[in-house]
2 protein chains.
Amino acid sequence: MESSGDTLTACMDGSATQATAGADIPSSRHVPTAIATPADIRPAAEALRDIARDIGNFQVAACANIASKMPMCDADGNVLAHSIFGWPTSKEQWWKKPLLALSSPLPFACRYESDPFWVNAAGIYTRAPNPLLDQIDLSHFDELVNAQSVIVVPIHLPFGQIGVVSFSPLDNGRKDLSREFELYADQLEYHSRRFIGGYSRVTSHRPWIPKNCRLSKREVECLRWAAVGKTDVEIAMILGRSCATVRFHIHNAATKLEAVNRSQTVFKATQLGYLGSVAAVMTGGHGEHHDGAMIE
Amino acid sequence: MESSGDTLTACMDGSATQATAGADIPSSRHVPTAIATPADIRPAAEALRDIARDIGNFQVAACANIASKMPMCDADGNVLAHSIFGWPTSKEQWWKKPLLALSSPLPFACRYESDPFWVNAAGIYTRAPNPLLDQIDLSHFDELVNAQSVIVVPIHLPFGQIGVVSFSPLDNGRKDLSREFELYADQLEYHSRRFIGGYSRVTSHRPWIPKNCRLSKREVECLRWAAVGKTDVEIAMILGRSCATVRFHIHNAATKLEAVNRSQTVFKATQLGYLGSVAAVMTGGHGEHHDGAMIE
DNA sequence: CCAAAACCTCGGACTAGTGCTAGGTTTTTC
DNA sequence: GAAAAACCTAGCACTAGTCCGAGGTTTTGG
């Protein structure tokens, strides 16, 4: 209990509230779950494990990218789930069952929510209502998640990457985590974010360099409609331009993003947040009540 | 100074560190920057403004979606930048200049980084190195950002939405925020995240419901290659399958995601994190050293 | 254990959509 | 007022999407 408590006091409260009064703060605050180099992964994972245990007797499960089945490993290639977080090493399909909670409804919920939440077989409990989570199928919760309940921290990262850290009570059988969630969600979120963010930074090299990717207004406008499935002809009608013009703009955007075709252009533009979210609302909508153009 | 100090002590430290010892914690901790309903937007913005001022005499600038030029407004339609954050109301192109810091290099940096950072004309300073930020052009920093330096909190949200909150010193002329960043980044990040996250939740309705969007392994595999610009023929060669099979899988994925063509399929799959990040590394790469398949 | 339901593998032909090259026009910038 | 962007247009070769079809394999559920 002391390890997590001290750390948090130091990094989240103590320094900040007194600083304007001129208190002397150590210039390099050590956050145990932060990761700067691959060598930090193991100690950071251990720190996260200890914090979770001390706070509420939780077992940790972490995934840096819900799109990948690659397990998280330390600098020497040891799987964190086994070597640190204490999940059993079942020989076959070890990643399917025990890599925890990630089998089914949890990653789905993470796609739709950025705030921490907690789950049991009866529902998903968020701090603020999110209708999208109500549609998630929890019918096989018990089998898919090795616990009666679990606290989940979704972590949305650049380039469309989604990570997740889940905390399940070692005292199995607990079905209500509302109190723990209320108390510890902020801390768990903070450390999870540091951990997953740092891990992603040091492990995934992204050599992609869209040098001059300053898309123009028209280009984004066309891309936006293309992303929601409109064809050249439709976009041309919507924007009141010729079909060829639409193609020109999209081709220009592709050049700037160093993409070879329309799909890759949409993909890269989405990853970079050019089409973010607003387009989603248009999918089922009637257009016209959208935001209009965007920052050029 | 008292308002922010008290609040932070209560919500981030006090409760957490003592809870395991059984201290009695109020069941509903009030976070002033949290937003549950549209009516909360205004008080939350005021709280954020006050916190920023009290902490380090900062002025706030916020954008819930860097892809949209729509300004953030309260429930009555008042632009927060003017009515609360205190930015001047220039008649023409008000959103271009003063909405401030958001004009140029800042949103770009937010696309590549999920951790808070601070910037001046000489560079971008992160807690951990990020090569992608070194390529950003800061040559016109002074004109584009109405300050000599600024602390930036990027906020990555579901559906590929990217928001940002920036804090610029009211004491203009300050060029070094390293100390302030060290001390306050965590707090600023916490409140910014609550504010932007809550704002996005209550303002953007996303009626999109991909009911059964459980993509199969092959489907994601094909989509992944399609997203990086491979044609059907290329994907067929890569996977050792026929061209018809590749089309079958991608068409199936499109059906599940309720997409009408390939571009929209890639778009939706990207928004949902199915193609996240891993594919980016393949763009400039030589394939094969990728993660392989993904969770089905 | 069997059956149903997914999933996966293929082929061909036709239509709609896209990529690309080569221009011209308008607007912005210096 | 010239240069540089950005914007607009057109036609042709190619690619992707659709519709038709056939079968095999793995999961699911009774």
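Chain letters run A, B, ... following the sequence lines, proteins first and then strands; every chain starts at 1.
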- Query: Taking atom CZ of A:Phe267 and atom CG of A:Leu272, what is their separation to the nearest 0.5 Å?
  - Reply: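 Spacing of CZ (A:Phe267) from CG (A:Leu272) equals 9.5 Å.
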- Item | Atom pair OG1 (B:Thr265) and CG (B:Leu257), whose distance is rounded to the nearest 0.5 Å | 6.5 Å
[X] [atom1] - [N] [atom2] separation (whole Å):
X	N	atom1	atom2	result
B:Glu221	C:dC8	CD	P	9 Å
A:Glu234	C:dG17	CD	C1'	11 Å
B:Leu215	C:dA6	CG	C1'	15 Å
A:Ile235	C:dG17	CD1	C1'	11 Å
B:Lys217	C:dC7	NZ	C1'	12 Å
B:Asn252	C:dA6	CG	P	12 Å
B:Gln264	C:dT18	CD	P	12 Å

[X] side chain near [Y] side chain, heavy-atom distance below 4.5 Å:
X	Y	answer
A:Ile250	A:Arg262	yes
A:Asn65	A:Ile162	no
A:Val150	A:Trp118	no

Using a cutoff of under 3.5 Å, can you pull out all pairs of nitrogen or oxygen atoms linking the protein to nucleotides 9-19 of chain D, with atom names and distances?
from, atom 1, to, atom 2, distance (Å)
D:dT9, OP2, A:Ser242, N, 2.9
D:dT9, OP2, A:Ser242, OG, 3.3
D:dT9, OP2, A:Thr245, OG1, 2.9
D:dG11, O6, A:Arg247, NH1, 3.0
D:dA16, OP2, B:Asp232, N, 3.4
D:dG17, OP1, B:Arg262, N, 2.8
D:dG17, OP2, B:Arg262, NE, 2.6
D:dG17, OP2, B:Arg262, NH2, 2.4
D:dG17, O6, B:Arg247, NH1, 3.0
D:dT18, O4, B:Arg247, NH1, 3.4

- Message: With a 4.0 Å cut-off on N to O distance, would you call B:Asp232 and B:Arg241 a salt bridge?
- Response: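 Result for this pair is no, no salt bridge flagged.
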- Message: Closer than 4.0 angstrom, basic N to acidic O: yes or no for B:Arg218 and B:Glu221?
- Response: yes
- Note on the structure: As a check of understanding: the bend across the helix from C:dC1-D:dG30 to C:dC30-D:dG1, end axes from five pairs, rounded to 10 degrees, works out to 70°
- Any residue meeting salt bridge (charged side-chain N to carboxylate O under 4.0 Å, His left out) with A:Arg111, in chain and number order, not counting sequence neighbours: none
